[in-house]
**Q** 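Dumping the structure here so I can ask a few things about it.
For clarity, every value in this text was computed on a predicted model and none was experimentally measured.
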Amino acid sequence: MAAPALQKTWTIVPNNRIPITSFTTLVTQGGRWMRILATIALANGMTCKGSSNGVTAAMDGVNRWATDGDASVQAANTTTANSWLVWTDGNGANTCLSFVGATGDVVRVSYSPSGAFVAAGTATFTPTATDEQILFTGVSMITNSTTNDRVVHVWVDSEAKLFRTCTHVANALTNGNWGVELVNANRNTLTFSPAVWGFAFTAANMTLTTGQFFTAFSANAVGGLTRINGVTTQVICGAEAYSSGSYLVWSGPDKPTLQKSIGDAMWPIQIASNTSTRSGPIGSLFDWYTGKNTSQQSVGDVCFPGGQWVQFSSASSGPVWPWDSVTPMQVS
């Protein structure tokens, strides 16, 4: 059986290295990490809505992150001057990166489904939105290592409607696994506003088990948030083939041959809600799959036919995303 065909056309920008020899402090590393993400997003169809370099700021469409230093002004809270940038994607949603945290490896990531971010009363403070959904805050995104490079990977689709990223340090995922993406809504009784979700997974929760990846939304840890019938809704990940919450239900002799000579199934990831008025499966994700659950060669394993897909996690299993069929994934 052939590997699944891509649903979207992707620009994959892998192996963006933050060398410890050049970025020697956590603050410079964190600022560089944010600027890498923003630069790639803006180069691939996202539009800058506004920005701050910690000194000058406005929601005026100007990207003030001309240098890494511009993105490296950190604050302990949202009401202190910091580096922030907001972009608008092809769905009309806003993503906000704000350098807020106790240390330089902690960055605040949030999004507004309706694109409602406005400048705060003091423009250099973190912007606000009436429907802001916080994906990460108070969590180390790139680890606090002072001896290892960071390696950042970014995916953006051709319509700028899907953005996802992950980061590796010392052959392991960091907590910086997040994105804001279009959802393939499949319930005509529900109204997404719009059909996007923002997801955030710590490294520990990228492993395909029922207590980790396949579990209910938890802030700063696992799952995602979307807006249904005008209300923020928690999202749970799953796959239609699973039963009783077991991610191993398909293990056995009948797995299709997809991964080299071993054979591993790829099941498309879906999303569901456990909110009473909109419970059950609510949509599917574009180019998200499960993969093999043991014997992964590394945490960045281009393992499926032709290098079309890459699987990664903090342990022996993880979700499968598209790959460029050419480039080895650097993980350290």
**Q** I'd like to check the salt bridge (Lys or Arg N to Asp or Glu O under 4.0 Å) partners of Arg278; sequence neighbours left out, ordered by chain and number.
**A** none

**Q** Can a donor-acceptor pair be found, under 3.5 Å and without considering hydrogens, that links the side chain of Lys49 to the backbone of Cys96?
**A** no

**Q** Please round to the nearest 0.5 Å and tell me the distance separating atom CG of Asn175 and atom CG of Leu173.
**A**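 That separation rounds to 9.0 Å.
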
**Q** Drop me the distance from Gln308's CD to Ser325's OG, to the nearest 0.5 angstrom.
**A** 5.5 Å

**Q** Compute whether any side-chain donor of one residue and acceptor of the other, for Ser279 and Asn274, lie under 3.5 angstrom apart.
**A**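 Short answer, no.
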
**Q** If we count only N and O atoms by modelled type, under 3.5 Å, do the side chains of Asn82 and Ser98 hold a donor and an acceptor together?
**A**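 Note: Asn82 and Ser98 side chains meet the donor-acceptor criterion.
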
**Q** Please examine the side chains of Gln270 and Leu285, heavy atoms only from C-beta on, and report whether any two atoms are closer than 4.5 Å.
**A**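 No; the side chains remain at least 4.5 Å from each other.
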
**Q** Could you give all pairs that pass the ring pair (Phe, Tyr, Trp, His ring centres under 6.0 Å) test and reach residues 40-92, with sequence neighbours left out?
**A**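 Output for this query lists Trp87-Phe163.
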
**Q** Would you mind listing every salt bridge (Lys or Arg N to Asp or Glu O under 4.0 Å) that reaches into residues 177-187, with sequence neighbours excluded?
**A**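 Residue pairs with at least one partner in residues 177-187: Arg164-Glu181.
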
**Q** Are the side chains of His168 and Met329 in contact, using a 4.5 Å heavy-atom criterion?
**A** yes

**Q** Given Ile228, which partner from the list Thr277, Thr275, Ile282, Thr191 fulfils the side chain to side chain contact (heavy atoms under 4.5 Å, CB included) test?
**A** Ile282

**Q** Will you find, in the side chains of Asp131 and Ser114, an N or O donor that is under 3.5 Å from an N or O acceptor?
**A** yes

**Q** Taking it one step at a time, do Thr28 and Thr25 satisfy side chain to side chain donor-acceptor pair (under 3.5 Å)?
**A** CA-CA 5 Å; Thr28 59; Thr25 68; 3.1 Å; yes

**Q** Stepwise, does the side-chain contact (heavy atoms from CB on, under 4.5 Å) test hold for Thr56 with Arg64?
**A** CA-CA 8 Å; Thr56 304; Arg64 294 176 176 81; 3.7 Å; yes

**Q** Taking atom types as modelled and ignoring hydrogens, do the side chains of Asn94 and Ser112 form a donor-acceptor contact shorter than 3.5 angstrom?
**A** no

**Q** Centroid-to-centroid, Phe199 to Trp178, below 6.0 Å?
**A** no

**Q** Using the ring of each side chain (for Trp, its six-membered ring), is Phe213 parallel, tilted or perpendicular to Phe201, with breaks at 30° and 60°?
**A** parallel

**Q** Tell me whether Val27 shares a hydrophobic cluster with Val109, the cluster being built from Ile, Leu, Val, Met, Phe, Trp, Tyr side chains joined at under 4.5 Å.
**A**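 Yes, one cluster joins them.
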
**Q** Sort out for me which residue in Asn144, Asn148, Asp149 forms a side chain to side chain contact (heavy atoms under 4.5 Å, CB included) with Val169.
**A**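 Among the candidates, only Asn148 passes.
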
**Q** Hey, do the aromatic rings of Trp309 and Trp321 have their centres closer than 6.0 Å?
**A** no

**Q** If you define the side chain from C-beta out and look only at heavy atoms, does anything of Pro113 sit under 4.5 Å from Tyr111?
**A** yes

**Q** Spell out, yes or no, whether Trp33 and Val139 are grouped together once hydrophobic residues are joined by side-chain heavy atoms under 4.5 Å, including indirect joins.
**A** yes

**Q** Among side-chain atoms of Ser51 and Asn63, is any donor-acceptor pair under 3.5 angstrom?
**A** no

**Q** When you check the side-chain N and O atoms of Ser110 and Glu132, is any donor under 3.5 Å from an acceptor?
**A** yes

**Q** From Leu37 CG over to Met141 CE, what is the distance, rounded to the nearest 0.5 angstrom?
**A** 8.5 Å

**Q** Hey, any chance Leu135 and Leu182 share a hydrophobic cluster, counting ILVMFWY side chains that come within less than 4.5 Å of each other, even indirectly?
**A** no

